[in-house]
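For reference, the structure is listed below as structure tokens.
Throughout, protein chains are lettered first and strands after them, A, B, ... in sequence-line order, and every chain is numbered starting at 1.
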Amino acid sequence: MTEATTNAGPPRLEVASQSKLIWWAFRKHKLAMAGLIVVAILYVIAAMPGFFAINDPSAQNARTPFHPPEAIHLWSDDGFVGPHFVPSKLKRDPDTLAAIYVPEPEKAVRLVLFGHGYSYRLFGLIETDRHLFASSDPKQPFFPFGTDRLGRCVWSRIMQGAQTSLSIGLVGVALSLIIGVILGGISGYFGGRIDFAIQRVVEFVLALPTIPIWLALAAALPQDWPATLQYMMITIILSLTGWAHLARVVRGRFLSLRTEEFVSAARLDGCSEGRIIFRHMLPSFMSHIIASITLAIPAMILAETSLSFLGLGLQPPTISWGVLLREAQNVRSIATAPWLFAPGGAVVLAVMALNLLGDGLRDAADPYNK
Amino acid sequence: MLRFIFKRVLWMIPALFAVSFLAFVLIQLPPGDFVTNYVATLAASNEIIDQNAADALRERFGLGEPMLLQYGKWIWGILVHGDFGTSFEWQQPVGDLVWERMALTLTLTLSTLVATWAIALPIGIFSAVRKYTIGDYIVTSISFFGLAIPSFLLALVLMYIAVVIFGQDVSGLFSDEYQNAPWTWAKVADLIHHLWIPVIILAVSGTASLIRVMRANLLDELNKPYVTTARAKGLSEFRLLMKYPVRIALNPFISTIAWLLPNLVSGSIVVAVVLNLPTAAPLLLQSLLAQDMYLAGAFVLLICTLTLIGSLVSDILLAIADPRIRLE
Amino acid sequence: MSETGQNPNKSAKTRAEPVLEVRDLVTHFPVRTGVVKAVDGVSFKVYPGQTLCIVGESGSGKSVTARSILQIVDAPGRIVSGQMIFRRADGSTVDLVKLGDRGREIRRIRGNDIAMIFQEPMSSLSPVHTIGDQIIEVLRLHLGLSKTAARARAIELLAEVEIPTPEKAIDRYTFEFSGGMRQRAMIAMSLACDPRLLIADEPTTALDVTTQAEVLDLIKRLQDRHGSAVIFITHDMGVVAEIADDVLVMYRGRVMEQGNVDTIFHHPSDDYTRGLIDSVTRLQRRSDLRAARAPVPADRPPVLEVKNLSMDFEALRAVNDVSFEVRPGETLGIVGESGSGKTTMGRCIVRLLDPTSGEIRYRKPDGEVIDLVTAHGPALKDMRREVRMIFQDPFGSLNPRMTVAQIIGEPLLVNGIARGRELDERVSHLMEQVGLEPAWRERYPHAFSGGQRQRIGVARAVALQPKVIVADEATSALDASLRFQVLDLLLKLQDELGLAYVFISHDIGVIRYLCDRVGVMYRGKLVEVGETEQVVTAPNHAYTKALISAVPWPDPNRRGIHKRHRYVEQV
Amino acid sequence: MGTDGKSVRGRMSRRAFLGTTTGFAGLALTSGASFAAAKEAPELAAMVAKGDLPPLAERIGENPMVVTPADRIGSYGGMWRRGLRGSSDHNGILRCVGNNGLTRWDMDFTKVEPNVAAGWDVSDDARTFVFHLRKGMKWSDGQPFTADDVVFSIEDCVKNPELYSSVPSILTSGGKPATVTKIDDETVQFQFEEPYALFLEQLATPLGQHPTLFCKHYASQFLPKYNDKLDDMVKAEGLSSWADLFRAKNGDIEIPSRWANPEKPVLDPWVVEEPYVGGATRVIVKRNPYFWQIDTEGNQLPYLDGINFGISQDVESLMLDVISGKIDLQERHINSLANKPTLAANTEKGDYHLMELVPSSANVCSIYLNMCHKDPKMRAIFEQKDFRVAMSLAMDREEIIDLIYLGQSEPYQTGPRPSHPWYFEKLSRQFTERDLDKANALLDGIGLDKKDGSGMRLRPDGEKLFFSVDVIPTLYPDLVDVLELVKSHWAEIGVDIKVNSIERALYYSRGDANDHDAQVWPGPGGLDPMFDPRDYFAAHTQGSRYAVPWAQWYVSNGTQGEEPPESQKQRMKLYDQAKATVDLEERGRLMHQLFELTADAFETVGVCLGVNTFGVCRNNFLNTPKREPDSWTYPNPAPALPQQFFFES
């Protein structure tokens, strides 16, 4: 709310809107703030993974399988030279066939901020080859998180996977939300028989064992569907079981709000049902809903990972964190290429950040309760 | 109360029909059927089954029949003979297969539950009572980490560490010599020896979320006036904490029993697969993947029944534990 | 009831050593912006067998003072300095401040030497433990009684606080009791160890007046029997006048004045005290504004006529065959205790609830009469413009997500009366009318005090220039001093707009101040309707008599609730 | 399949056979005396001493099979620890325990040798096969194994339409099942409709074991013909038909219930003790006291007490078991090349070594461009040899080999592997060099010379040249990787493809319906060209995916599908002749002609030679193979005779 009046600077608290108060309450929550920052960064990455990637995430490289992570150096033997890395050359152990990399310090390659790399479409629209940073020598790719068995850059794949995994959470929750809010709202607002019927349905859905249902549904997905369609179906499957919880939350809020006096007051003011719901009731539990969905997103991300682990989720060449982890999910990765578990770190980071954020939001959602 | 139970039980019947039908449909949804899966699985090892034999299998399992007829036959068998059908893959009655796995599943789940509660409740209480202290922040961070880490990842890493670094045998629940041995104390000891890793892994995420729930519940209760009353009575902090707010904050946990029973089978599925546990979970997964219809159907039906029974039981327990619900 | 302790002058001479002497107590609450000095240098003494009343409005620090004594101040509050010298029965003394808030010693004092009774008996007792469990616990803890002995003693205690069938009551849960019974159980618990000092923190605030009278009676009698000292915390000057020996007046953490109850009431030296006393005593009579007004002509046709109104909630008949009428410009008070159906009745009139049967005949300014019970659609919408409501809760009735301007303007907007600049102007005017700075219109409700909020509610109600306003406990949530301002505002608006009020309240004083006529409700029935003065001074119905006589007068010389009428319903 | 003249049994079979028989009889006679001193496992000896078991000589009969140990005479004892998957892994047991047909493969997978049958007689027209069984040979329950059992197995069981709606193809020829007759207790005859020279080899494969699968004295109780109270048994078991009961009790070659009934008598070296049933955590097989094989010193085999198959739900726990030395010999489930570095690095820790497995496949990835495409425009392109040659020339095989196969392969098209006697240079190596110019020129030359804005070629009708290649990621993840690389290679000559990762059932249904543009599969026929010639001509309706309708035409004798071109028809004829040819040399000549035609037609595009994989073997586990073929028709490790594996003590 802007200060539209001529009043000479009322104390800011007094003209602070609800959302501002929530923000202030939220800001006090240090861990939640940290979570917010991480989530913000992650979603920026998810919005334009190409920019943050260094190498083409799908590009295989015969010369770099299982390349270990490379460090960024600032100083060489000659003193400070700016950010660079030391490339290395592949040799194979003749007996074990293990990849061995021999560093070639004399070939140190500069890293360029906003440099040129492979070309991609920013937001799927603008063709560009600018990246946050890039190797100055296109023949010497830089692998901050190493590579997988096909020499693909793990860092870049994580960036690309962020788009899939994070948006699956978001889209899935959005779907749950739409179903949940509509059904929960109808149930809570109208009550009576409709409420009874919807509540039975919700109970039924909640009684469904999620994992087998997920498994069965995911297994039922025709795998010849294009990646995007498959992706949509997976999100729908995940949200199919998620909406019931949200519907319960929404209904509960509706029921309690219905008895709030300001809602009665709005009715007496002559507001229509629609106006009561959308102008008066909905904003009041929006913060709770936001908190609930923030807490639901990480569950979806984990669910996607688990489904992928069981081989039922998204399939390569689609890149998601779950797909990446599935590829890493074996003893040889632990033993010889532990960096392949970096997507696990990304999952943990994202889920933790989202949980912290949701937790903080939930605490801050009711600024008057403090 | 009895009326309530009766009504709930009555309501379960159509729900179970719906679930079983849904399960049946879901299992049939994937392209192909058990036989194509079977043939393809063999092909993965470059093994070939005679085409005639495959056709014969399909005919024998009645896979060519319309789905409704198959469902009707199945459900009729359950209702009339208590016969859940025969597993395509194992040629064994489904009932035997399912129940055989349940004892160990139960052991594992209960151990996990005990471990989860034993770890989570004290920490949750600590975290709530010492709200916004260093300890709380540490606990909070750890519990969020526990919530965030995918269990299969943790399982594999822990397993690797245990095997390669400590040389412990982690897969399965028994050492070889005890696997089919009769129950003795030595076998129990062996079981406990094997149980801890899966229990820890399974308990991690449960513990983390339980800590969060306990903390939130307790924080709600800690500011209630009855706590002040108890304090004004001269009770020690610990005693009053345990007797009043903790006691009341525990009530919501009773409703988690609803999820406990179905978790027996499905909750540990991913971890059980990684850790190679002889619980029902891997069998369920296999049956789903192999489209072993009656076996998978029986599992899904069982889990749903358990969920419904669980929620009924938890409602009853909640009523017993909370006089407000019982008497109103 | 004996005479002891009745006359403060007499007892002052025989005063023994004080049970508790508080010196310069300072309790702070650290907050983000600094420190709230909740208790700021409070000193007082409490003598055995005597009652010290600590009065003050909300936020005055009276409750924190009480809690500081037992070291049970809620986090993050803490005692900063001062002394609290407690004298045990054996004459030994201990400084409670020095004991800290966790040690064994302070715990031995809590519940044993000093016991406390709280305001909300429902939430102050554990909902999942039986009454007996919670009493027995104290007995076992401090007296070391065996289980059976403790149980026997608990039953005795319940009997002592006059709980019927104590053998059965001991195994009941709190929610199975009525409010008065819960508070009795709470008192039984506090008396379990025969404490030297009983601290009662607003113990009767949540109770109806008749129940309050009983509980006050009980505390007094028990005090006499046990010889305990009592610190009684209240905001109700009537209660103070009724029971206090000494009075301590607090305001914003500081003691404004303390002394003998007579002195405080009749010769207050402090301005704040004077204002406080004044605001209470003004409620003993008709408002000056109203007194100056000509009486509403009795032959004016009623603007609202309620006939045989009933409202059922499943098995319960909340409003039972109620009939009354309100004339234009008139204020009809509806008084009754909780559960009497007065609020339900009010909500039926504005059609927040749909009555089961009866008529509510509303006469429009053009003389047309419509039945509000059957009105629907556009008729209902029209009616809602002319019959408005003011809600009890100044917090809950304002949407926290909307600015004041939006809240006040909402009825104008949705009824299509004004929009844009005109709406702005109308809102500004309304705000001025209810005494709010129009410049504050972009503020949110949370930025306003309780009184200001209630003004916003009033502005919203009058925005559509209604004819009738139903005010449901419109001033109950406000402190005494604010109450007047709102009441006076209502009277002013009544004059300006020719409003008729249906004013629902449990507070006889407020009714008396504001209302021309009053109806008394009891268990859904309107048992008596009449001119306010007549009903208050010479009630007809036995229930009204009991109700009026249970109201404590804010005058220590007119103590008499122990002599009140008791109403027993003839079934 | 033998190439050396020695094993040619066509014309000389009677003599050769007699020789063999005499040889064995001689051995039996000469060693008869030494059998008294013959050794057996200590616990069996103890049982014999107690009278619980007949003496060894009675158990092994007069003509036991003599096995020459791979390294040396072993010692008794020990359990072989191995891993199985939780589901559909019954063949993991079969490969160790249950491949005991009438014949068996030699170690090189080139010719068959006597097994249950001590010798045989083949008629010149390759239609009549007479097998000579071992006298005194016993089932695992001590009952004699005779020709009756073989007749029962085929005539009563396999040819029973309620058990087998149709007779397995291995036992049929010319569409008619074999007729089996008993000549005497030790002699049984198979009579076929059409010449069927491959029969002896087929009997050595897992699918050829029906003759020795069912034990008459036990299995007959589950047939209505032999048991009129069968219905009661079916009811008592809670099953719906006698056929279900029969299968539950006797199993079949490759269904799990074969390993679920410990009571069933078998001819295997070990008998099921803890069965393979749903949710089992392990399977245990224990020594068959009546096992009919001895080593060269007359010690009864097997040496090992038994096998302990641990069941893993997830292959990773099996990997951990290997690393920690809890697996004695294993190749199944762990032999993906990607695991090699990890397992190689841990050989000391687990005290094991790696053995080399030679796949029977010719190629890791045969690309089948659908030459019978339903869309005539696509068909017109795929039909052109130049197009396929261009595709082959455009591939950077070295990169694929380096990246995906860790440098462990060589560019290859198709055809018998270089180690096979029938290896055919031209078939295997043509067009494997990378030559983009030539590839471009070829494409330009067949009317694909127009390109779109992004440099991709257009078809003659102006549409973009684009097709999708189906691959099953769950089955062959490496092929997805291969195709991704191939896609980038082909993009360089302006051909755009989609790597179409699909589910296996769908892969099959698309292929069966001929709805695919192109599909990939590991090209078979590297070691077993006679068994799986799908890449050499349109032989297999589900395998020859470059021309499924031609294969249908062939299989249905021209009644279905589509008539193939002349070259194909010639090859079909050549193969039919080869199949009927008992003489291996002659057969080889026929196949050589066939390969010549295949090389000229160049129908399938290969990537690189099937990669040798590996297995692990504990260092103290002896008589085990160092190098062995890896195939289903050579169900390793069974042909290496696990009964003579032993632990060095």
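A side-chain donor from one of D:D351 and D:N619 sits under 3.5 Å from a side-chain acceptor of the other. Defined by atom type and a distance below 3.5 Å, a donor-acceptor pair is missing between the side-chain atoms of A:S135 and A:D137.
Within the structure, every pair that satisfies the side chain to side chain donor-acceptor pair (under 3.5 Å) test and touches residues 335-344 of chain D, not counting sequence neighbours, is listed here: A:R332-D:N339.
D:I323 touches chain A through its side chain: at least one heavy atom from C-beta onward sits under 4.5 Å away, while N, CA, C and O do not. With a threshold of 4.5 angstrom between heavy atoms, D:E398 does not approach chain A through any atom at all.
Legend: residues meeting side chain to side chain contact (heavy atoms under 4.5 Å, CB included) with D:P359, ordered by chain and number and at least two apart, are D:S361, D:R417, D:N612. With sequence neighbours left out, A:F143 forms a ring-ring contact (aromatic ring centres under 6.0 Å, His included) with A:H67.
Checked against the 6.0 Å centroid threshold, D:W521 and D:Y476 count as a close aromatic pair.
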*Tell me, with the steps shown, if D:Q519 and D:I367 meet side chain to side chain contact (heavy atoms under 4.5 Å, CB included).*
CA-CA 6 Å; D:Q519 294 189 321; D:I367 302 172; over 6 Å; no
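Against chain A, the residues from residues 480-497 of chain D that qualify, each with a non-hydrogen atom under 4.5 angstrom away, are D:D481, D:E484, D:L485 in number order.
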